[in-house]
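Just so we're clear, the structure is a prediction, and the values are computed from it rather than from any experiment.
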Amino acid sequence: MAASSPPPPRVESLSKPVQQLVVNGEEVLEKYIYRNTDDGPIDVSFPVMEVPIIDLGLLHTSSSSSPAGEAELGKLKSALSSWGCFQAINHGMTSPFLDKVREVTKKFFALPMEEKQKYSRTLEGIEGYGNDTVFTEHQTLDWTDRLYLQVSPEDQRKLKFWPENPETFRDTLNEYTEMLGQLSEIVLKAMTRSLSLQLEDTCFLNHCREGASMRTRFNFYPICPRPDLILGLKPHADGSTITFLLQDKEVEGLQVFKDGQWVGVPTIPEAILINLGDQSEIISNGIFKSPLHRVVTNSERERISVATFLLPHPDMEIEPANGLVNEQRPRLYKKVKNYVSLYFHNYQQGKRPIDTVKI
């Protein structure tokens with residue numbers, strides 16, 4: 001029986017955009033100070049480590065049977081088992097096009113506040129421009145503003161939230177996410193082949209077909225007066241199947257928790273960081289890891305990023321693949337539906353959602 005999701009918590013209010021606080025010089029930092037000492041100090045000077053680099057051109061079905069392709073599949077399995085993420089190169093998108101995606105992101109957040117607020121989210125939903133929903137008085141807020149949009153299925157798009165300024169925003173997002181859709185098929189099939197088991201080639205992919213959704217979140221991290229106390233994003237793992245992250249070309253800030261410490265993830269301008277989500281960890285029965293990560297702030301420079309999440313249909317049952325459960329490796333996770341609802345309920349309370357479905 002699938003694990004049931006708890007009812008969503010009562011929504012109290014929406015927090016004010018961080019950019020507005022900065023512009024107005026409002027000193028309301030108390031709500032943003034991160035006090036969970038279990039996660040260690042907030043230190044922007046943690047060591048930067050080289051995240052595995054994977055050549056997606058070698059992961060095509062036609063290429064992966066070659067010696068170079070087999071070696072790349074081995075690297076992919078190692079990356080997802082130890083890091084839970086990798087830098088994807090040779091993905092079919094040019095550097096000038098990736099710069100275009102970054103540019104429309106920067107131009108949107110540079111618009112006057114009244115222009116951006118035309119696309120403001122409401123209390124009832126998560127799409128649109130804004131910041132954290134405030135559920136409790138003691139909730140720690142993230143030092144970031146976001147534009148969150150559902151991209152697919154196309155008939156579920158809410159175009160009232162899709163900016164018409166800059167003029168190229170919509171077309172650029174369309175083109176970018178279409179390409180990511182093609183990449184997701186390559187990556188999800190390769191994930192199955194990398195396990196070297198008698199699994200269907202579509203073991204992961206089947207969860208992201210009929211009724212699956214793709215959502216893109218544009219992130220803006222304003223200059224922060226206290227980067228030693230405030231995080232851009234609290235520690236979390238993604239609730240997706242996989243996440244595509246286009247990082248700022250010049251300003252780093254993403255950190256991953258690995259081997260008991262936080263390490264910085266370097267920016268490779270022409271690469272897309274692919275992050276494993278909780279739902280893939282469940283399907284892999286814990287062989288692949290959904291990494292805990294966070295974003296630190298910067299006292300001198302603004303930062304942007306673009307995250308795109310691939311999510312199964314809410315009614316799709318997620319559970320460990322049969323071929324990955326045996327006497328040596330028993331089932332580690334319950335069957336679950338609508339994991340994203342479970343995810344948001346736990347995230348705002350500072351809990352790891354995946355812990356609630358472990359056996």
Qualifying side-chain hydrogen bond (donor to acceptor under 3.5 Å, both in side chains) pairs with a residue from [range], counting only residues at least two apart or across chains:
| range | value |
| --- | --- |
| residues 303-315 | Thr216-Thr308, Asn219-Ser305, Gln247-Arg303 |
| residues 163-177 | Arg157-Asn174 |
| residues 270-283 | Asp238-Asn275, Asp278-Ser290, Asp278-Tyr339, Glu281-Tyr333 |

_Partners meeting ring pair (Phe, Tyr, Trp, His ring centres under 6.0 Å) with His293 (sequence neighbours left out)_ = His236
*Could you tell me which residues satisfy ring pair (Phe, Tyr, Trp, His ring centres under 6.0 Å) with Phe169, sequence neighbours excluded, listed by chain and number?*
Phe218
Give a yes or no answer on whether the side chain of [X] reaches the backbone of [Y] with a donor-acceptor pair at less than 3.5 Å.
| X | Y | value |
| --- | --- | --- |
| Asp145 | Val18 | yes |
| Arg193 | Leu188 | no |
| Arg329 | Gly286 | yes |
| Asn90 | Leu56 | no |

[X]: what forms a side-chain contact (heavy atoms from CB on, under 4.5 Å) with it, not counting sequence neighbours?
| X | value |
| --- | --- |
| Glu127 | Tyr148, Gln150, Lys158, Phe161 |
| Arg301 | Glu250, Val251, Asn298 |
| Ala79 | Pro52, Phe86 |

*Just do the side chain to side chain contact (heavy atoms under 4.5 Å, CB included) check on Val151 and Leu180 with the steps written out, would you?*
CA-CA 11 Å; Val151 176; Leu180 291 184; over 6 Å; no
*Residues that Lys107 engages under side-chain hydrogen bond (donor to acceptor under 3.5 Å, both in side chains), provided they are two or more places apart*: none
*Partner set under side-chain hydrogen bond (donor to acceptor under 3.5 Å, both in side chains) for Ser240, not counting sequence neighbours*: Thr243
Using a strict threshold of under 4.0 Å (side-chain N to carboxylate O), is an ion pair present between [Y] and [X]?
| X | Y | result |
| --- | --- | --- |
| Arg352 | Asp355 | no |
| Glu302 | Lys106 | no |
| Arg102 | Asp248 | no |
| Glu72 | Lys75 | yes |

*Mind listing the closest non-hydrogen atom pair of Pro291 and Val256 along with its distance?*
CB-CG1, 4.1 Å
*If you look at every heavy atom in Leu233 and Arg294, which pair is closest and at what distance?*
O-CB, 3.4 Å
*Going by the ring pair (Phe, Tyr, Trp, His ring centres under 6.0 Å) test, which pairs reach into residues 90-111, not counting sequence neighbours?*
Phe108-Tyr129, Phe109-Phe220
*Decide whether a cation-pi geometry holds between Lys289 and Trp83; the criteria are a distance under 6.0 Å from NZ or CZ to the six-membered ring centre and an angle within 45° of the ring axis.*
no
_Could you list the cluster mates of Ile89? Members are the ILVMFWY residues connected by side-chain heavy atoms closer than 4.5 Å, either directly or through other members._
Ile53, Ile268
*Roughly how far, to the nearest 0.5 Å, is the CG atom of Leu149 from the OH atom of Tyr119?*
10.5 Å
